[in-house]
Amino acid sequence: MTGDLLNIQPSELKFPLELRKQSSCSMVLTNKTDKYVAFKVKTTNPKKYCVRPNSGIVLPGSSCNVTVTMQAQKEAPPDMQCKDKFLLQSVVAQYGVTAKDITPEMFNKEEGKVMEEIKLRVVYILANPPSPVPEESEEGSSPRASVHENGNRNASLLSAVSRSLEEPKEKSSEAWTIISKLTEDKTSALQQNQKLRQELTISLRLLIATALLRCFCPKRLWGGPSHNRSTSIVSGSIALHLESSPS
């Protein structure tokens with residue numbers, strides 16, 4: 001929609017209508033002149049709509065975006081028809097003026113003042129239009145077949161989710177099995193190590209005993225009956241000592 005001062009796009013405000021949800025639409029105001037243009041937006045139902053900004057200055061050759069938000073509606077109007085309307089007022093302003101300088105008196109109709117008023121109507125559109133009913137294909141597939149395929153796809157997704165939930169449990173069970181096996185191996189190794197240390201201690205003590213016999217027994221007794229008898233006595237004593245002493 002085009003005026004002498006501003007070009008307004010679109011020419012009507014279209015709101016996607018979804019119950020109990022806010023809806024917004026935007027319009028672009030373009031200054032067609034080489035002058036400063038002030039604008040102000042009014043509506044027949046101010047409690048229902050929020051306009052930001054509802055007034056402002058459009059510089060020469062530039063544009064301004066205006067967003068209109070409709071409050072959430074509890075029910076749809078009959079036949080999706082809306083009687084609400086918007087009025088866009090625009091007027092030539094002084095050079096260098098800002099949005100803070102705008103006053104209601106600027107939009108009063110006076111003789112000799114260049115001013116425009118453009119009306120915009122509100123149109124409701126469905127936010128979620130119903131999807132068309134699928135037609136049978138050349139191969140004879142029907143909507144029922146499509147529903148069946150969707151059901152199979154959903155079943156596959158549920159199965160995949162179930163498997164993903166069971167995998168952590170299986171991995172946890174495997175981890176506990178490995179930990180238990182490692183614990184058993186560690187215990188067995190410690191027992192075997194202790195047994196080897198005991199055998200090593202016994203062997204060392206036997207070697208020490210043999211060395212002591214060689215040192216304190218006269219050489220002439222070695223190999224004779226006395227030597228053998230002394231060796232047996234000492235060896236027996238050492239064996240008893242080893243058996244009774246802690247490892």
Side-chain angles (χ1 to χ4, degrees), residues 1-135 143 146 150 153 157:
M1 184 176 295
T2 301
D4 293 334
L5 300 179
L6 297 177
N7 180 28
I8 306 170
Q9 293 294 335
S11 59
E12 55 187 13
L13 300 178
K14 296 181 180 181
F15 292 91
L17 183 60
E18 188 171 0
L19 298 183
R20 296 178 178 82
K21 286 189 178 181
Q22 288 186 347
S23 179
S24 299
C25 69
S26 298
M27 56 181 173
V28 180
L29 312 180
T30 303
N31 188 348
K32 299 169 57 179
T33 71
D34 57 355
K35 297 178 174 59
Y36 280 56
V37 175
F39 72 89
K40 185 175 182 179
V41 182
K42 295 181 178 181
T43 177
T44 57
N45 197 342
K47 293 183 179 180
K48 185 177 178 180
Y49 301 95
C50 176
V51 183
R52 290 290 182 272
N54 61 352
S55 62
I57 299 293
V58 186
L59 301 181
S62 63
S63 299
C64 175
N65 290 328
V66 177
T67 300
V68 183
T69 302
M70 181 178 67
Q71 303 301 319
Q73 301 298 299
K74 295 181 180 180
E75 57 183 11
D79 301 327
M80 294 290 289
Q81 298 297 319
C82 181
K83 297 181 179 180
D84 300 332
K85 290 181 174 57
F86 282 80
L87 178 66
L88 177 66
Q89 296 176 310
S90 57
V91 63
V92 174
Q94 294 180 357
Y95 180 83
V97 71
T98 64
K100 295 180 180 180
D101 301 323
I102 296 177
T103 61
E105 290 75 16
M106 293 177 63
F107 301 95
N108 292 337
K109 294 181 180 180
E110 297 176 0
E111 186 176 353
K113 181 183 290 186
V114 180
M115 180 178 174
E116 284 184 343
E117 289 185 342
I118 298 177
K119 293 180 180 180
L120 302 168
R121 72 188 189 100
V122 175
V123 177
Y124 290 153
I125 58 176
L126 291 176
N128 297 311
S131 58
V133 178
E135 299 178 356
S146 178
N150 290 336
R153 189 179 299 110
L157 290 174

Decide yes or no for C64 and F39: does some side-chain heavy atom of the first lie under 4.5 Å from some side-chain heavy atom of the second?
yes

Do you know the tightest heavy-atom contact between L5 and N31?
O-OD1, 3.6 Å

Is any side-chain heavy atom of F107 closer than 4.5 Å to a side-chain heavy atom of K42?
no

Classify the ring geometry between F86 and Y49 as parallel (under 30°), tilted (30 to 60°) or perpendicular (over 60°).
perpendicular

Atom CD1 of I57 and atom OG1 of T98: how far apart are they, to the nearest 0.5 Å?
7.0 Å

Given L88 and I8, is the side-chain contact (heavy atoms from CB on, under 4.5 Å) satisfied, shown in steps?
CA-CA 9 Å; L88 177 66; I8 306 170; 2.9 Å; yes

Could you work out, with side chain to side chain donor-acceptor pair (under 3.5 Å) as the rule, every residue matching S62, not counting sequence neighbours?
none

With Q22, which residues qualify under side chain to side chain donor-acceptor pair (under 3.5 Å), at least two apart?
Q71

Apply the test side-chain contact (heavy atoms from CB on, under 4.5 Å) to residues L120 and M27: give CA-CA distance (whole Å), side-chain angles for both, the deciding distance (0.1 Å), then the verdict.
CA-CA 11 Å; L120 302 168; M27 56 181 173; 3.6 Å; yes

With heavy-atom distances below 4.5 Å as the criterion, would you say the side chains of L6 and V37 are in contact?
yes

Return the CG to CG distance between L17 and L126, rounded to the nearest 0.5 Å.
7.5 Å

Could you tell me the separation between the NZ atom of K40 and the CD1 atom of I102, rounded to the nearest 0.5 Å?
9.0 Å

Could you tell me if the side chain of K48 sits less than 4.5 Å from the side chain of C82, heavy atoms only?
yes

Result of checking K119, K85, R121 against E12 for salt bridge (charged side-chain N to carboxylate O under 4.0 Å, His left out):
R121

Ring centroids only, cut at 6.0 angstrom: are Y95 and Y36 within range, meaning strictly under it?
yes

Side chain to side chain donor-acceptor pair (under 3.5 Å) partners of N54, counting only residues at least two apart:
none

